[in-house]
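Have a look at the structure below, then the notes.
Chain identifiers are assigned alphabetically (A, B, ...) following the order of the sequence lines, protein sequences preceding nucleic acid strands; residue numbering begins at 1 within each chain.
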2 protein chains.
Amino acid sequence: MTRKIRLGAFLPGGGQHIASWRHPDQPADGAVNLDFHIRLAQEAERGLFDAYFLADGLATGGTSEGGPARIAGFEPVTLFAALSAHTSHLGFIATASTTYEEPYNTARKFASLDLISGGRAGWNVVTTATEAAARNFNLDTQHPHAFRYSRAAEHVEVVRKLWDSFEDDIFIRDKDSGTFLDRAKLHRAHHQGQHFKVEGPLNVPRSPQGHPVIVQAGQSEDGRSLAAATAEVIFTAHQRLDTAQEFYRDIKARARGLGRDPDHVLIMPGVSPFVGRTESEAREKYEQLTSLILPEDGISLLNGLTGGTLDLSGFDLDGPLPPAPPTEGMKSRQALIRQIADDNNFTIRQLYQWVASARGHYTVIGSATQIADILQDWFENEGADGFNILPPWLPTGLTDFVDLVIPELQRRGLFRTAYEGRTLRANLGLPFPVNRHAAARAAAQAAE
Amino acid sequence: MTRKIRLGAFLPGGGQHIASWRHPDQPADGAVNLDFHIRLAQEAERGLFDAYFLADGLATGGTSEGGPARIAGFEPVTLFAALSAHTSHLGFIATASTTYEEPYNTARKFASLDLISGGRAGWNVVTTATEAAARNFNLDTQHPHAFRYSRAAEHVEVVRKLWDSFEDDIFIRDKDSGTFLDRAKLHRAHHQGQHFKVEGPLNVPRSPQGHPVIVQAGQSEDGRSLAAATAEVIFTAHQRLDTAQEFYRDIKARARGLGRDPDHVLIMPGVSPFVGRTESEAREKYEQLTSLILPEDGISLLNGLTGGTLDLSGFDLDGPLPPAPPTEGMKSRQALIRQIADDNNFTIRQLYQWVASARGHYTVIGSATQIADILQDWFENEGADGFNILPPWLPTGLTDFVDLVIPELQRRGLFRTAYEGRTLRANLGLPFPVNRHAAARAAAQAAE
C-alpha cells in the first residue's frame, strides 16, 4: 500500500486565529454553538479528514489558547459524543489532562466515547501546564515539570491496563442458559505504582477499534520520551523542515529503540493554511485577519504562550521581545516562540501577528499548488507522516482547504479519495491493539 | 396552575430487573447498544417524561446494580450528550460522584452537557458507597460516611459557584469594536474550604436553564440534610405510603427551615411497574421475569444492595436472611432491604425475587387503572411530587407504561399532554437560578 498523508483538523468553534471571531464569515458565538460544530464536523468529513482534533485547558483566561472568543466553550469529550451522532467516519481526538484527572475516570470517558462513536475516538494526552489550572485543583502553584511527566507516563499505563479489562470476545449473552459472559475473560488491573493504585476492572468494554488512539504533543526531553514510548500519533510544532526532520528522526529512532514499529508512530506537525486561488489572494486573506487583531489580545496571547510568565505591559510594541523568567510549564513552547522572534528579527507586534493564527505552528500562505508542494516536501523528506490542519478562521478557512488543497493532494496520489474503514485506527493505518490477556493466553497455548 | 405529576424514567440499556436481559423483548447487548438507547430516549419523549435518569458506579461487578448485563456500559454524561442529539425536549439526569471527581471537572462536564442539550441536564449527586470503587481510586478502603457527606456538600457548593462564573448576559460579541464580553460579568469562585481550593472561573458559560438541575437520593440523616439544603429533585425509595409521607414531610420541613420554597424541592420515589391490560396479565409478566432469575445472580444482588458485606454463600435460600455486619456504605439501603424482608417475612429467595426488579424501590403490579390509583394516592397525600419509573425490562416495560398508564394519568388531569418548555427546569416547574453576582449587583443598585 502506498503511504498516504494523514490529516487532522483543529476546529475550535471560536476560531483558531485570535481575531477570527471578528471575521465576517465566523459566527461570533461559534465556541458555544452546537450547530456550528456539527457543520464543521460534517465539512471535515466531506474533506475525508482522519480526525477532528480539539485542544483543551482546565482554566479560562490567560491560557495559551488566547483570544477572547475562546474564553469558554464545550468540554471536548461531551461535545464529540454529540458530534459523533452527526457523522459516520470522522475520528474525534479529545484532549484530557493526566495531572488533574484520575485514570479510572479518564479510561472510562474515552472508552465510552469510543463505544458511542463505533471506534472513532482518540485521546490527546497532556499534562496541563498552566498556573491557572493548578489553582482550580487545590494547588497554589503547579507541580514541577518532571513530576507531571512521571505522573503522565503512569496515568497512560493505568488507562491502557483498564482498557484491557474486557477481552474482545468476553460476551456470550446466551439467554437460554443464562450465561452472559465468560468471567475468565474479565481482568483486574492490579496496578500499584508511584502515583496510582487502581484495582479495576473498568466498567466499559472495548470498542470496535480495541481502544482509543493515543496522541501526544510533548516536545521537551520528557515529552519526547513519553511520546516515543506510548503515542501512536504525535502532534508537533515546527516552523522549518530542518527542525521537523530532527524531531521526526529522533522520535522514530527512540520508538525503534523501545521495540516499537516506527510506522505505528505517526508524526503530524501543525499547519495553519491561508489558501487562495492565487498567492496574492491568500496574502489578502492573511492581511485581512491580521488587521483585526487588537493589541491587548496580541499581548495576552504571547503571555499565554510562554506559560503566563511574560508580562509585556509597558514594553514598546514596536521594540524587541524582552527576556522571560524560567517556567515550570510550556518549556518547549516558550523556546519555540523565542526562536520565531529571533529567526525573523520580529518586534513584539510582528511576533504576535505571526503567531496569532497558529500559536507557533507553521503558517503557510499561498495557492493550493504552493501549499501542496510544502506538504509533499515535508511528507516525502522525513518531516511528517501527515499534518494537523489549523484553519485560521471558520468555516471558510476549512472549506478553502477542502475545496482547493485536498483535490490537489488527491491528484498527486498523496491523499485518500475515500475512507479506508469505519474506525479511526483503520483510517490512520494503525494496528488493532491486541488485548494483553488474550495475547498472554495465546502465547501460553502456543508454548504447550 | 394545577399541580402535575413529574415523571423520570430509569432506562439502563441493560435492563432494570436482574434477569431482564433474558427476556425475549430485551436486546441482550442493550447496555452497550447506542441505537437501543436512542430508541429508549425517543420512547420516553413520546411519553412526555420529564427526564431520562441513569444511575452510575465507579466499579464493575459486585455493585448494587446487580445483574450480569449491567457489568459494563456507557458512561452516562457522554451517552446523554449523544442522546440529546436525537431528542428535543427530554431532560437527562446523569449520576456523578462527589468522592472520586474534582469539582472543576464535575462542573465542567455537566455545564457542557447542559449547553449541548440546550438546557436539559441534571446532576444526580452521589457519594459512591462501594469498597470496589475506593480501590479504583488509590484507596484500600472507602472514606467514612461522614467524610463522604462533608465532601459532597462542599463539592456541590463549589460546583454551584463555578456555574455562576459567567453572568447570563456577559457576551457582547461586537465585531466592529472588538468587544467580545463584559469582563465585569466574569467571576472567580475564590473557594477555600475544608476539602477544596478552587479559584475559577469555569471555562463553560451558563445554559438556557441557568445551570443543571441538582438531584439527590440520600436517605440517611446526612443524606437528608444534604438533599434538603441543595437538591431540587429528590429520588427516594419507599415500599409504603406511610414511610414515603414521613420522608416527604421531613424533607419539606427541613427545606422550609433552611429558607427554601418547599415547592422547589420535588420528591420522586422510585416505582417499578408491571402493567397489564388486566391485573392477571400484569402478574403473568411479573412471574415470567421472576422465573428467569438465576440463584447466583439473586445472591449477588443482595450482597451488592447491602454494600458488599453480606456473604450469603452457604445459607439456605429458603431460610431467613442472616444479620449483616455494619457498613460505611449504603446504610439506608441496607436498612430498607432488611425492612422488606421483615415486613413480608421473606426467605432469601423470596427477598431477591422481590427486589430483583427495583432494588428496594416500590414494585407495583396491575392494570393501568390500579397503577394510576396508587400514583394518584401518593401524589395527593404528601407521598410524592412525582415518580421515577423503573420499567423492569426494556423496551416493552416502558412502552406498556407510555401506552397504558400515561393516558390514564392524562385523563385524570394529573399529567401533561404536551411539554411546557424546552428546558428541564421549565418542564419540572423549577425556577431559573439567578446568577449570584447579578443578584448581588441588582441588590446593591436597589439599595442606592
Side-chain angles (χ1 to χ4, degrees), chain A residues 19 21-22 24 28-29 32 34 57-61 68-69 71-75 77-79 81-82 84-86 100-102 104-105 108-109 111-113 115-116 118 132 135-140 165-166 171 173 175 178 180-181 186 196-205 292 294 297, chain B residues 19 21-22 24 28-29 32 34 57-61 68-69 71-75 77-79 81-82 84-86 100-102 104-105 108-109 111-113 115-116 118 132 135-140 165-166 171 173 175 178 180-181 186 196-205 292 294 297:
Chain A
W21 74 273
R22 298 182 68 194
D29 71 346
V32 293
L34 180 66
L58 293 170
T60 193
I71 195 161
F74 301 109
E75 184 279 327
V77 176
T78 45
L79 174 63
S84 72
H86 297 276
Y100 302 115
E101 301 223 30
E102 287 293 320
Y104 198 88
N105 293 333
R108 200 166 174 234
K109 71 180 182 181
S112 189
L113 176 64
L115 264 187
I116 286 168
R135 289 192 294 268
N136 288 331
F137 290 87
N138 312 314
L139 299 173
D140 291 318
S165 297
F166 291 75
F171 295 112
R173 300 188 182 117
K175 290 190 178 193
F180 190 76
L181 51 75
L186 177 63
F196 303 109
K197 189 155 69 170
V198 179
E199 181 64 11
L202 191 65
N203 55 5
V204 184
L292 296 173
L294 297 178
D297 291 336
Chain B
W21 74 274
R22 299 183 66 195
D29 70 347
V32 293
L34 181 66
L58 293 170
T60 194
I71 196 162
F74 301 108
E75 184 279 328
V77 176
T78 45
L79 174 63
S84 71
H86 296 276
Y100 302 115
E101 302 223 31
E102 287 293 320
Y104 198 88
N105 293 333
R108 201 165 173 235
K109 71 180 183 182
S112 188
L113 176 64
L115 264 187
I116 286 168
R135 289 192 294 267
N136 289 331
F137 290 88
N138 312 315
L139 299 173
D140 290 318
S165 296
F166 291 75
F171 294 112
R173 300 186 181 120
K175 291 191 178 193
F180 190 75
L181 52 74
L186 176 63
F196 304 109
K197 190 155 67 169
V198 179
E199 182 63 13
L202 192 65
N203 55 5
V204 184
L292 297 172
L294 298 178
D297 291 336

Region of B/L115 that comes under 4.5 Å of a non-hydrogen atom in chain A: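 B/L115 touches chain A through backbone and side-chain heavy atoms alike.
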Quick one: what part of [X] sits under 4.5 Å from any heavy atom of chain B, side chain, backbone, both or neither?
X	result
A/F171	side chain
A/I116	both
A/L186	side chain

Heavy-atom pair count under 4.5 Å with chain A, highest-scoring of B/T78, B/L34, B/V77: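 The candidate making the most pairs under 4.5 Å is B/T78.
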Chain A contacts, top residue of B/L113, B/L181, B/L58 (heavy-atom pairs, under 4.5 Å):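 The candidate making the most pairs under 4.5 Å is B/L58.
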Chi angles and distances behind the side-chain contact (heavy atoms from CB on, under 4.5 Å) call for A/K175, B/L292: CA-CA 9 Å; A/K175 290 190 178 193; B/L292 297 172; over 6 Å; no
A/S165 side chain vs A/P201 backbone, donor-acceptor pair below 3.5 Å: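 Not a single qualifying donor-acceptor pair exists.
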Short side-chain to backbone donor-acceptor contact, A/N136 and B/G200, under 3.5 Å: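 Here the side-chain-to-backbone pair exists.
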Using a cut-off of under 4.5 Å on heavy-atom pairs, state which of [options] scores highest against chain B.
options	answer
A/H86, A/E199, A/R135, A/R108	A/R108
A/G73, A/A85, A/P24	A/G73
A/F74, A/Y100, A/W21	A/W21

Contact check, side chains of A/D297 and B/F180, non-hydrogen atoms, under 4.5 Å: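 Not touching, per the 4.5 Å side-chain cut-off.
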side-chain contact (heavy atoms from CB on, under 4.5 Å) evaluation trace for A/K109 with B/K109: CA-CA 11 Å; A/K109 71 180 182 181; B/K109 71 180 183 182; over 6 Å; no
Approximate separation, where rounding is to 0.5 Å, of A/E75 CD and B/N203 CG: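 With rounding to 0.5 Å, CD (A/E75) is 9.0 Å from CG (B/N203).
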Stepwise side-chain contact (heavy atoms from CB on, under 4.5 Å) check, A/N138 with B/E102: CA-CA 9 Å; A/N138 312 314; B/E102 287 293 320; 3.0 Å; yes
